Amino acid sequence: MLNFKLLHPLTTNNISSIKTFRYPSFSLVKQYNIMFIKGLMILFLSCITIRLNFCISSIPSSLKSLPLEGHFSFDEFDLKKAARDFGNRYQSFPMTVLHPKSVSDISVTIKHVWNLGPNSQLTVAARGHGHSLQGQAQAHGGVVINMESLNKVDEMKVYAGGEFAYVDVSGGELWIKILHETLKYGLAPRSWTDYLHLTVGGTLSNAGVSGQAFRHGPQISNVLKMEIVTGTGEVVNCSKEENVELFYSVLGGLGQFGIITKARILLEPAPTMVKWIRVLYADFTAFTRDQEKLIFAEKGFDYIEGFVIKNRTGLLNNWRSSFNPQDPVQASKFKSDGRTLYCLELAKYFNHQETFAVNQDVEKHLSHLNYIPSTLFQTEITYVDFLDRVHISEVKLRSKGLWDVPHPWLNLLIPKSKIHNFAEVVFGHIVKETSNGPVLIYPVHKSKWDNRTSVAIPNEDIFYLVAFLASAVPSSNGCNGLEYILSQNKRILEYCERAHLGVKQYLPHYTTQEEWETHYGPKWQILLQRKSIYDPLAILAPGQGIFQKSITFS
């Protein structure tokens with residue numbers, strides 16, 4: 001304690017001393033008062049620090065005491081795995097990883113974090129197969145939920161009768177496993193992503209887009225019902241008829257409003273075979289005109305995508321290992337001459353007994369297209385092999401040590417009215433090579449997307465997905481290097497903003513709330529309201545960087 005006698009010089013018995021030291025005594029009082037105030041401030045701040053440290057240090061023990069069927073892991077290997085993703089650029093270590101054996105485990109955990117209140121820094125992220133690109137499924141110092149633990153508990157249930165066929169699946173289930181299970185009943189989901197080794201919860205939290213989206217919409221347009229654990233730990237069933245607002249909030253909601261623990265997915269009769277076709281264009285206008293024509297065609301193709309090819313020689317020879325040229329002699333004479341080429345990729349599903357009719361349909365639709373005649377290549381493969389085609393490439397890349405590298409992908413949704421401006425500048429001037437990963441480009445219908453979901457899309461009836469799916473070569477300083485690709489992505493985004501193209505990022509990543517507000521536009525206020533209802537403390541999906549959990553002192 002401070003000795004208050006020292007603060008008052010009048011305790012001396014020498015009156016003359018009082019007169020002599022009157023001014024210095026005042027200075028001494030002032031000095032001691034300042035010291036006293038500083039001491040109180042240090043004591044106050046120390047108490048706050050002690051309180052915070054106590055709260056933080058007590059969190060692991062409080063988590064360990066929760067009544068769970070599964071368990072928390074504090075193992076270094078688990079934490080390292082949860083701190084990485086497919087993008088391989090961001091690394092945030094969580095405090096712990098939850099391996100749930102039931103939905104109740106997830107609910108109890110989130111409810112516990114919710115009850116800690118706003119003073120706690122603890123956040124929660126659901127992690128599926130770890131295919132996010134920029135740390136979106138990470139939770140620095142928080143709890144990462146291993147959603148794949150759920151798929152070992154909840155078996156898939158296929159319902160083939162009734163008005164609609166559907167399958168009930170865990171949010172942590174992989175789409176490839178859903179494909180194999182539903183095929184046992186002659187059924188399959190209607191809409192896919194190009195890569196099937198992703199979890200249901202992961203793709204539905206974004207949108208889930210592929211070459212079938214022009215016909216059936218993204219995966220979020222093919223969900224009948226979901227079970228959600230909200231940011232308060234409540235377990236809620238939702239659909240278009242029940243808890244409607246939560247249903248649409250979570251679809252495309254980037255994990256901000258709840259964790260998808262179960263989903264009911266629409267199914268359709270599955271084919272057995274696929275006629276797979278590739279043709280080339282040198283003219284971008286003809287390429288896009290044909291793509292747009294095909295997405296409106298009756299009884300046309302079941303899958304329509306495209307990709308951009310720059311500075312690639314011997315391209316058609318590479319295709320010969322999997323595709324057959326319609327005219328081998330003419331195909332052998334084709335030269336790219338350094339041109340930028342555009343490949344239209346098409347697929348028609350069929351069963352063996354339909355081969356003749358399908359061949360006629362394909363020939364009819366191809367006859368109306370304006371591709372380079374000598375570049376028609378086609379093949380027939382099984383439905384499963386077609387849908388799982390990217391995994392074959394993954395196996396090859398893993399064998400060469402080229403899978404676990406940085407993936408600075410950039411995915412954009414571009415209005416149809418601006419796609420030619422975009423192509424002229426980006427494909428004509430910014431993108432110099434496409435050898436380090438494909439550049440996809442294909443159109444979709446806005447009518448197939450439900451505007452009530454949380455996903456942000458361009459405000460035009462037709463828009464294009466353009467995806468720059470680059471893989472960075474470690475230690476490379478050239479066009480395959482990480483810094484070069486990131487610089488190229490930055491130039492593309494700066495051009496889009498400068499030219500006011502109305503572009504929306506798919507799998508978006510921004511660093512400021514102002515950028516998120518611009519991204520969502522008129523939807524921003526709706527998202528704020530949804531967040532305040534379903535995750536008011538901003539506990540969920542902190543890696544997205546949309547809403548920050550603030551710390552207050554009571």
Side-chain angles (χ1 to χ4, degrees), residues 191 193-194 206-222 248 251-254 281 283-298 300-301 303-308 342 344-346 369 409-428 430-431 439-468 489 492-510 515-527:
S191 188
T193 52
D194 285 327
N206 288 281
V209 188
S210 185
Q212 302 87 2
F214 78 95
R215 184 181 299 280
H216 297 296
Q219 290 181 318
I220 58 174
S221 295
N222 294 274
Y248 289 112
L251 293 173
L254 304 179
Y281 293 76
D283 180 66
F284 185 73
T285 298
F287 170 69
T288 54
R289 185 190 300 121
D290 281 356
Q291 278 194 320
E292 291 166 18
K293 182 190 302 181
L294 288 171
I295 67 172
F296 286 104
E298 291 290 333
F301 293 96
Y303 162 100
I304 299 172
E305 286 196 9
F307 52 92
V308 183
Y342 307 93
L344 176 59
E345 191 168 40
L346 308 167
L369 305 182
W409 288 6
L410 178 63
N411 298 272
L412 304 173
L413 303 176
I414 303 173
K416 171 189 169 181
S417 65
K418 304 295 184 181
I419 193 64
H420 290 272
N421 304 73
F422 180 89
E424 181 181 359
V425 174
V426 175
F427 302 144
I430 298 177
V431 177
V439 177
L440 304 183
I441 176 170
Y442 55 91
V444 292
H445 294 285
K446 183 182 179 182
S447 63
K448 304 295 183 179
W449 298 59
D450 197 313
N451 196 48
R452 291 171 290 183
T453 66
S454 293
V455 69
I457 60 175
N459 190 28
E460 286 193 13
D461 292 339
I462 302 295
F463 56 90
Y464 280 77
L465 183 140
V466 180
F468 300 87
N489 289 350
I492 293 170
L493 290 172
E494 287 175 346
Y495 162 68
C496 291
E497 184 175 357
R498 188 171 61 249
H500 305 290
L501 299 187
V503 169
K504 298 293 183 183
Q505 281 192 38
Y506 177 62
L507 311 177
H509 176 76
Y510 299 102
E515 290 174 313
W516 282 110
E517 289 183 31
T518 301
H519 172 73
Y520 283 109
K523 278 191 174 182
W524 177 248
Q525 291 303 319
I526 298 173
L527 264 64

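Heavy atoms only: backbone and side chains are in, while hydrogens, waters and symmetry mates are out. As the structure is a computational prediction, the values presented were derived from the model and not from experiment.
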For [X], check side-chain hydrogen bond (donor to acceptor under 3.5 Å, both in side chains) against everything at least two apart and list the hits.
{"X": "Q291", "value": "none"}
{"X": "R289", "value": "none"}
{"X": "K523", "value": "none"}
{"X": "D283", "value": "none"}

message: Name the residue from V466, L412, N206 that meets the side chain to side chain contact (heavy atoms under 4.5 Å, CB included) definition with Y506.
response: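 When V466, L412, N206 are each tested with Y506, the side chain to side chain contact (heavy atoms under 4.5 Å, CB included) holds only for N206.
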
Under the ring pair (Phe, Tyr, Trp, His ring centres under 6.0 Å) test, residues paired with [X] that sit two or more places apart:
{"X": "Y281", "value": "F287"}
{"X": "Y495", "value": "none"}
{"X": "F463", "value": "W449"}
{"X": "H509", "value": "Y90"}

query: Where do V425 and I430 land on the side chain to side chain contact (heavy atoms under 4.5 Å, CB included) test, with the steps shown first?
result: CA-CA 7 Å; V425 174; I430 298 177; 4.1 Å; yes

message: Holding to side-chain contact (heavy atoms from CB on, under 4.5 Å), I want the full list of residues that pass it with E424, two or more places apart in sequence or in another chain.
response: none

- request: Identify, with sequence neighbours excluded, every residue that meets side-chain contact (heavy atoms from CB on, under 4.5 Å) alongside E515.
  value: Y510, T511, T512

Is there side-chain contact between [X] and [Y], with heavy atoms separated by less than 4.5 Å?
{"X": "L465", "Y": "E305", "value": "no"}
{"X": "L254", "Y": "P508", "value": "yes"}
{"X": "V444", "Y": "I295", "value": "no"}

Minimum heavy-atom distance [X]-[Y], with the two atoms named:
{"X": "P415", "Y": "P458", "value": "CG-CB, 3.8 Å"}
{"X": "P443", "Y": "I462", "value": "CB-CG2, 4.0 Å"}
{"X": "T453", "Y": "I220", "value": "OG1-CD1, 4.0 Å"}

message: Applying side chain to side chain contact (heavy atoms under 4.5 Å, CB included) to Q505 and N411, what does each step give before you reach the verdict?
response: CA-CA 6 Å; Q505 281 192 38; N411 298 272; over 6 Å; no

field: is_close_aromatic(F284, Y342), centroid dist under 6.0 Å
entry: yes

message: Run the salt bridge (charged side-chain N to carboxylate O under 4.0 Å, His left out) test against D194 and tell me which residues pass, sequence neighbours left out.
response: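 Scan of D194 (salt bridge (charged side-chain N to carboxylate O under 4.0 Å, His left out), adjacent residues dropped) gives R389.
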
Rounded distance [0.5 Å steps], [atom1] in [X] versus [atom2] in [Y]:
{"X": "S417", "Y": "D461", "atom1": "OG", "atom2": "CG", "result": "10.5 Å"}
{"X": "F301", "Y": "L346", "atom1": "CZ", "atom2": "CG", "result": "4.5 Å"}
{"X": "Y464", "Y": "L440", "atom1": "OH", "atom2": "CG", "result": "14.0 Å"}
{"X": "K448", "Y": "H216", "atom1": "NZ", "atom2": "NE2", "result": "8.5 Å"}
{"X": "I441", "Y": "F307", "atom1": "CD1", "atom2": "CZ", "result": "12.5 Å"}
{"X": "L294", "Y": "R215", "atom1": "CG", "atom2": "CZ", "result": "10.5 Å"}

Pair listing, salt bridge (Lys or Arg N to Asp or Glu O under 4.0 Å) test, anchored in residues 412-421, at least two apart: E292-K416

K446 and N451 side chains, donor-acceptor separation under 3.5 Å: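 Their side chains do not contain a donor-acceptor pair, so the 3.5 Å distance test is not met.
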
Main-chain N/O of S191 paired to Q219 side chain as donor or acceptor, under 3.5 Å: yes

- request: Can you label the angle between the F427 ring and the F422 ring as parallel, tilted or perpendicular, going by 30° and 60°?
  value: perpendicular

message: Is there a side chain to side chain contact (heavy atoms under 4.5 Å, CB included) between Y248 and I526? Walk through the geometry before answering.
response: CA-CA 11 Å; Y248 289 112; I526 298 173; over 6 Å; no

